[in-house]
Amino acid sequence: MAMGMQDNIMMDGALIAYLAEVAKDEALLQGVLMRIQESSNASELVTYAPFTLFPTPVPKDVFLQALAVQTHYNTLVDRISQDPEFLQEALASTIEVDDFTARLFRIHQQIFKEGRAQSIVLGLNRSDYMLDQGKDGSVSLKQIEINTIAASFGGLSSRTADVHRHVLKVAGKLEESRRILDNDPASGLARAVAKAWELYGSQRAAVMFLVEESQRNIFDQRCIESQLWKRNIPTIRKRFDDVSKTGSLDPDKKLFVDGREVAVVYFRNGYMPQNYISEQTWDARLLMERSLAVKCPDISTHLAGTKKVQQVLARPGVLERFFPDQPQVVEQIRVTFAGLYTLDMGSEGDKTVAMALAAPDQFVLKPQREGGGNNLYGTEICRVLQAAQSSSERTAYILMDKIQPAAVQNYLLRQGGPLEISTCLSELGVFGTYVRHGKDTVMNECAGHLLRTKSSEHSDGGVAAGVAVLDNPLLV
């Protein structure tokens with residue numbers, strides 16, 4: 001990434017303090033909001049969601065490359081979800097040692113055996129990248145992961161562009177303010193949900209947001225809910241516990257929760273082991289999967305987003321399985337892959353372990369987990385792999401090349417946080433939406449983008465995890 005804001009602005013303490021106040025007020029005005037930590041289930045006290053004072057420069061060609069490949073990633077995820085043999089093969093070693101993935105896989109097997117009740121498929125995903133800087137200064141787009149469940153911040157990122165435009169104007173940077181793109185993932189995500197609801201075919205049935213116990217990030221979801229209500233599509237918010245207690249299927253497998261028919265289950269929960277606090281929670285997930293409701297994602301699509309599948313896709317010839325006559329699409333996707341290595345038992349996995357132990361700072365060790373803060377680096381890699389190098393426990397992880405992005409100076413604005421300059425790294429997310437009805441793809445779109453930025457001293461973690469903050473790309 002290119003240089004950030006000019007030094008004469010960055011080092012002017014009085015101007016920065018003034019701009020920070022302007023920025024916070026504008027964020028509140030635009031609805032870039034979060035509930036406060038101390039009362040995450042009430043909106044009496046809210047604050048601005050954490051964000052950068054200035055937008056971050058991003059090369060235009062790499063940014064456009066990320067947008068252009070997104071519809072191919074949508075197709076790839078959808079095709080993986082329809083290929084039970086591939087999922088079985090790809091996840092065979094993982095489900096032996098990772099209980100969480102194994103539980104999800106058992107539900108997948110049960111649904112496959114019973115037959116899917118619903119032929120409408122809805123996918124809302126986000127592909128995350130960093131910009132790898134080569135030794136020659138070249139910049140290349142490298143995928144971190146693809147999120148196929150509960151991909152967040154489509155709502156709030158629809159509202160941050162105006163915040164940064166305003167800050168730049170107040171700072172006297174009118175020309176730069178015009179280079180911040182319009183961005184409205186909330187509309188794109190809502191459009192796909194609306195299409196699935198429409199295909200379900202019942203005006204009375206609701207879109208159910210399946211939400212977490214703690215709902216600090218509720219406004220991100222409310223942005224999408226609001227778009228649905230504008231289309232006269234009813235939405236309800238329920239937890240796993242509500243589904244456990246009041247959920248049922250009628251003889252046609254229609255899902256009812258608290259007496260309300262559910263057309264679409266939109267999972268904003270259920271992606272981490274700690275979300276499943278009891279057998280009743282797992283039963284609730286199975287009930288929803290067996291139902292006629294459209295699931296976003298369904299269980300197979302959830303599994304398609306695992307780290308192990310990501311690693312298997314990087315093997316020679318695997319992408320061709322899903323795009324047999326489209327070498328250009330294969331190349332467009334493959335060029336975004338970082339180096340990904342198996343830790344399966346055998347000589348190839350042994351080689352990966354030796355490589356990681358010899359140069360741990362060049363790699364990231366990734367478990368099959370979502371939600372940020374799970375990856376291991378440096379000495380932690382050595383600790384885990386030395387303990388598990390002769391054991392199948394190592395197959396719960398994959399190894400990936402550590403991407404080396406260029407750092408940029410910025411100010412990270414957080415409630416109660418100090419106003420100080422930070423050396424920052426950024427991650428670009430691209431939202432994708434698709435709807436399939438039987439064999440017909442009726443929607444396949446790139447729905448917008450998300451830039452998140454964090455201090456370079458933090459290896460891992462997202463906005464919801466309290467590490468990264470919201471940002472905008474300033475195309476250069």
**Q.** Plane angle bin for F105 and H108 - parallel if under 30°, tilted between 30 and 60°, otherwise perpendicular
**A.** tilted
Q: Determine whether the side chains of Y276 and R285 contain a donor N or O and an acceptor N or O closer than 3.5 Å.
A: yes
Q. Does the side chain of S278 come under 3.5 Å of the side chain of T281 through a donor N or O and an acceptor N or O?
A. yes
(Q) Between Y48 and R414 (side chain of the first, backbone of the second, donor and acceptor by atom type, cut-off under 3.5 Å), is there such a pair? (A) yes
Q: Under the side-chain contact (heavy atoms from CB on, under 4.5 Å) rule, collect the residues that match up with A190, sequence neighbours excluded.
A: I224, Q227, L228
**Q.** Main-chain N/O of G155 paired with D220 side-chain donor or acceptor, under 3.5 Å
**A.** yes
Q: Would you please name every residue forming a side-chain contact (heavy atoms from CB on, under 4.5 Å) with L340, sequence neighbours left out?
A: Q310, Q311, A314, I398, M400
Q | Residues in side-chain contact (heavy atoms from CB on, under 4.5 Å) contact with N41, at least two apart in sequence or another chain | A | R35, Q215, R239
**Q.** The single option from D298, V294, V435 passing side-chain contact (heavy atoms from CB on, under 4.5 Å) against V121
**A.** D298
Q | Contact list for residues 24-45, test ring-ring contact (aromatic ring centres under 6.0 Å, His included), sequence neighbours left out | A | none
**Q.** Ring centre gap for F63 and H449 strictly below 6.0 Å
**A.** yes
Q. Any donor-acceptor pair under 3.5 Å linking the side chain of R191 with the backbone of V193?
A. no
Q) Taking only residues two or more places apart in sequence, or in another chain, which ones meet S40 in a side-chain contact (heavy atoms from CB on, under 4.5 Å)? A) S214, R216
Q: Scan side-chain atoms only and decide if T75 and D78 contain a donor-acceptor pair under the 3.5 Å cut-off.
A: no
For residues 17-30, please give each side-chain donor-acceptor pair under 3.5 Å, one per line with the distance, not counting sequence neighbours.
from: E26; atom 1: OE2; to: Q30; atom 2: NE2; distance (Å): 2.9

Q: Quick one: which residue pairs count as a ring-ring contact (aromatic ring centres under 6.0 Å, His included) with a foot in residues 69-96, not counting sequence neighbours?
A: F86-F322
(Q) Show every ring-ring contact (aromatic ring centres under 6.0 Å, His included) that has at least one partner inside residues 212-233, sequence neighbours left out. (A) none
Q) For L425, does its backbone N or O pair with a side-chain atom of K454 as donor and acceptor, under 3.5 Å? A) no
Q) If you look only at pairs with a residue in residues 192-214, which of them pass as a ring-ring contact (aromatic ring centres under 6.0 Å, His included), with sequence neighbours excluded? A) F209-Y266
Q) What residues form a ring pair (Phe, Tyr, Trp, His ring centres under 6.0 Å) with H166, not counting sequence neighbours? A) none
Q) Do any N or O atoms from the side chain of R204 and from the backbone of E261 form a donor-acceptor pair under 3.5 angstrom? A) no
Q. Which pairs count as salt bridge (charged side-chain N to carboxylate O under 4.0 Å, His left out) when at least one residue sits in residues 192-201, sequence neighbours excluded?
A. K195-E198
Q. Which residue pairs satisfy the salt bridge (charged side-chain N to carboxylate O under 4.0 Å, His left out) criterion with at least one member in residues 117-131, sequence neighbours excluded?
A. R126-D128, D128-R452
